There are 2 protein chains.
Amino acid sequence: MGRLTGGDPSLLRRINSAVVLHALRGSDALTLTDLTRVTGLSRPTVEGVTEGLIEGGLVVEAAPEEGEARRQGRPARRFRFRAEAGHLLGVEIGPHRVAALISGLDGRIIGAGSREVSETAPEDERLDRVRTVVADVLRRTGVPRSNLRAVGVGTPGIVEADGTVRLGTALPGWTGLALGERLRRSFRCPVIVENDANAAAVAEHWKGAASDSDDIVFVLAGLSPGAGSLIGGRLHRGYGGAAGEIGALHLLGRGVTPEHLLSTTDEPLHPLDEQAVAEVFALAKQGDARAGAAVERFIQRLVHDVAALVLALDPELVVIGGWAAGLDGVLQPLREELARFCLRPPRVVLSMLGEAAVGTGALRLALDHVEEQLFAVDGTVSARR
Amino acid sequence: MGRLTGGDPSLLRRINSAVVLHALRGSDALTLTDLTRVTGLSRPTVEGVTEGLIEGGLVVEAAPEEGEARRQGRPARRFRFRAEAGHLLGVEIGPHRVAALISGLDGRIIGAGSREVSETAPEDERLDRVRTVVADVLRRTGVPRSNLRAVGVGTPGIVEADGTVRLGTALPGWTGLALGERLRRSFRCPVIVENDANAAAVAEHWKGAASDSDDIVFVLAGLSPGAGSLIGGRLHRGYGGAAGEIGALHLLGRGVTPEHLLSTTDEPLHPLDEQAVAEVFALAKQGDARAGAAVERFIQRLVHDVAALVLALDPELVVIGGWAAGLDGVLQPLREELARFCLRPPRVVLSMLGEAAVGTGALRLALDHVEEQLFAVDGTVSARR
């Protein structure tokens with residue numbers, strides 16, 4: 001239980017500083033009078049705190065508004081949050097491509113880049129590709145590497161808290177890779193590594209299809225689907241970071257591997273051969289019976305996996321993303337089957353961010369990290385156990 | 001964002017009061033000097049707060065320790081928490097029995113009772129049985145009904161926040177029943193209704209097989225299993241209170257109903273006919289091939305349901321409860337299959353509370369409710385968004 005045995009002036013100062021910064025971030029520019037009104041702090045406190053934030057580079061005096069100078073003798077000074085005081089990267093490292101997004105401290109994306117990479121590329125080659133994409137994006141946006149405050153990374157696999165990939169069968173050399181440590185060599189700021197479906201869930205909640213719900217499951221639908229979930233607006237990683245790794249469910253008590261599901265011959269499809277899978281879907285649309293049956297099996301499995309997630313977690317909303325989301329005829333059977341079998345069926349929608357979801361979520365995780373430093377106050381008073 | 005614009009004396013007083021009460025609850029009896037040391041509060045504050053708690057009936061002066069009077073001229077006064085200042089009920093309303101547990105404010109159980117009830121009994125009869133059991137327990141423990149501070153209830157079904165059963169197919173007349181409202185007529189204190197598996201999860205965490213973990217799934221294993229989960233020590237109810245209601249998963253894309261799973265004839269077993277099921281298990285043990293196959297199907301389904309929960313939630317620990325937990329040969333196949341198919345397999349253990357789990361969890365939920373009133377401080381300062 002927390003103690004409250006007298007005021008801590010430095011704690012108070014930090015709280016007040018966070019309050020003022022928060023107010024400034026939520027608007028274009030504010031006067032000291034505005035800040036006094038919005039925060040409930042005294043004028044001297046607001047002045048002192050604002051001065052400190054200016055010294056720290058996070059706040060700057062804004063230009064007076066057009067016409068204001070003419071109306072009054074001397075316009076009130078206005079202050080704004082310096083979004084350009086730091087930058088963030090969101091990086092996706094996937095089986096077929098690596099991508100990077102960059103934003104200022106306000107989270108507005110100011111640049112992006114991506115490169116294809118072979119699904120068979122060894123880890124060193126894949127990481128080289130990441131470095132190239134990041135260097136490109138920094139160069140094109142003119143952001144010095146030293147101005148990065150945090151880097152978020154989304155990638156397939158179970159990721160430990162320190163950024164090591166505990167298990168990642170989708171990418172060669174990924175299992176056991178100290179991905180966070182490897183990437184930290186390229187940056188002088190924190191690097192946060194997260195499972196790709198988890199990152200995508202965060203992204204859809206931030207600025208995608210799930211912005212109106214705090215209890216969501218995001219399904220990265222592919223041959224072996226993964227999922228990320230938010231509970232009460234917070235990422236649910238699971239005890240060992242493996243929550244939502246539903247891919248193995250289908251193998252229980254059967255001899256079926258995922259590749260066999262979509263195969264129209266006796267040869268299994270390569271699990272990541274999206275082109276081949278898209279062809280099977282196209283054939284099915286043209287009326288090919290074997291392709292149709294393969295598609296049917298694929299959708300049944302997706303329905304089953306999503307139903308398992310929904311029954312276990314009871315989300316308000318399910319967002320379907322990943323390449324399978326782009327295929328026709330995925331959403332309707334999902335909705336129908338969930339309505340039949342779930343005691344409380346959730347809404348089911350398609351991803352709004354599409355290909356950008358993982359990188360966007362990685363960027364948001366980097367921003368969360370920085371905001372925690374800017375806004376968090378240690379020793380927060382709580383009388384609960 | 002919270003404001004901190006000066007001390008609120010009544011808030012401070014409540015915090016200090018909660019701190020002192022918490023210290024007293026954690027020990028047999030403390031002197032004012034002990035309290036000053038443990039809480040970090042000043043002597044006058046401790047004295048004032050303790051006086052207020054005595055007036056409120058929550059604290060009483062304890063008898064001096066044996067021999068202390070002889071050692072010193074005048075022994076220091078010692079104070080203790082009055083666990084008897086209020087009482088709590090934990091009620092289980094199940095298909096075959098209703099049961100009640102009673103405790104003081106310290107959560108120590110001082111009485112219990114139960115009655116059998118037919119699985120076909122209509123809701124009025126079942127509620128009558130509940131009232132009888134509760135009256136029995138109160139009479140035998142000598143606790144006046146007016147001394148109850150909260151009543152917790154665990155029952156099958158999806159339960160709304162107000163205690164209405166949204167869906168409950170296990171008990172006749174349960175779906176749509178305003179259970180909380182009906183029970184509140186018998187008590188003058190709050191009545192909290194919760195899904196039975198959720199209550200059992202809370203119980204195993206409180207004083208059962210999961211007391212060392214905050215991330216658990218409790219499986220109420222029966223013909224149609226339900227589950228409750230704690231995430232970070234908190235009950236995860238899901239957006240609509242349906243989290244863990246995994247029973248329907250097995251029906252997806254198949255024509256199999258749960259009753260068919262264990263049937264050795266063409267007649268399905270009644271889903272709640274535990275006696276018949278136990279006989280099938282006994283036959284299987286004696287080498288009966290058809291019974292063996294039925295048991296195999298039952299265990300495979302349980303493995304599949306538990307795997308779905310584990311893959312979705314990634315708990316540290318799975319606790320198997322319910323009547324199926326008492327059958328031989330359930331635990332080992334679960335452990336083996338989870339180890340094979342889960343990327344990060346959890347520990348799997350049997351319930352320690354057995355039949356008492358649901359009632360114990362209901363009691364704990366009632367205690368939580370009262371503790372929130374005793375210890376919670378509104379307006380807790382937080383500078384996070």
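What you are looking at is a predicted structure, and each value in this text was computed from that prediction instead of being measured. Below, chains carry the letters A, B, ... as their sequence lines are ordered, and counting in each starts from 1.
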- request: List in chain and number order the residues that pass side chain to side chain donor-acceptor pair (under 3.5 Å) with A/Trp174, two or more places apart in sequence or in another chain; answer none if no residue qualifies.
  value: A/Thr155
message: Just so I understand: if I count every heavy-atom pair under 4.5 Å between each of B/Arg237, B/Glu245, B/Arg166, B/Arg344 and chain A, which residue has the most?
response: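 Most heavy-atom pairs under 4.5 Å with chain A: B/Arg344.
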query: Which pair of heavy atoms, one from A/Ala243 and one from B/Ala312, lies closest together, and at what distance?
result: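 For A/Ala243 and B/Ala312, the tightest heavy-atom pair comes out as CB-O, 3.4 Å.
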B/Ala242, part contacting chain A, at a heavy-atom distance under 4.5 Å: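 B/Ala242 touches chain A through backbone and side-chain heavy atoms alike.
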- request: Can you tell which part of B/Ile158 gets under 4.5 Å to a heavy atom of chain A, answering side chain, backbone, both or neither?
  value: side chain
Euclidean distance, B/Ile231 CD1 relative to A/Tyr239 OH, rounded to 0.5 Å: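 It is 14.5 Å, given to the nearest 0.5 Å.
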I need the residue from [options] with the largest number of non-hydrogen atom pairs under 4.5 Å to chain B.
{"options": "A/Leu313, A/Leu309, A/Val310", "value": "A/Leu313"}
{"options": "A/Ile246, A/Asp214, A/Thr169, A/Leu317", "value": "A/Ile246"}
{"options": "A/Val217, A/Asp305, A/Asp314", "value": "A/Asp314"}

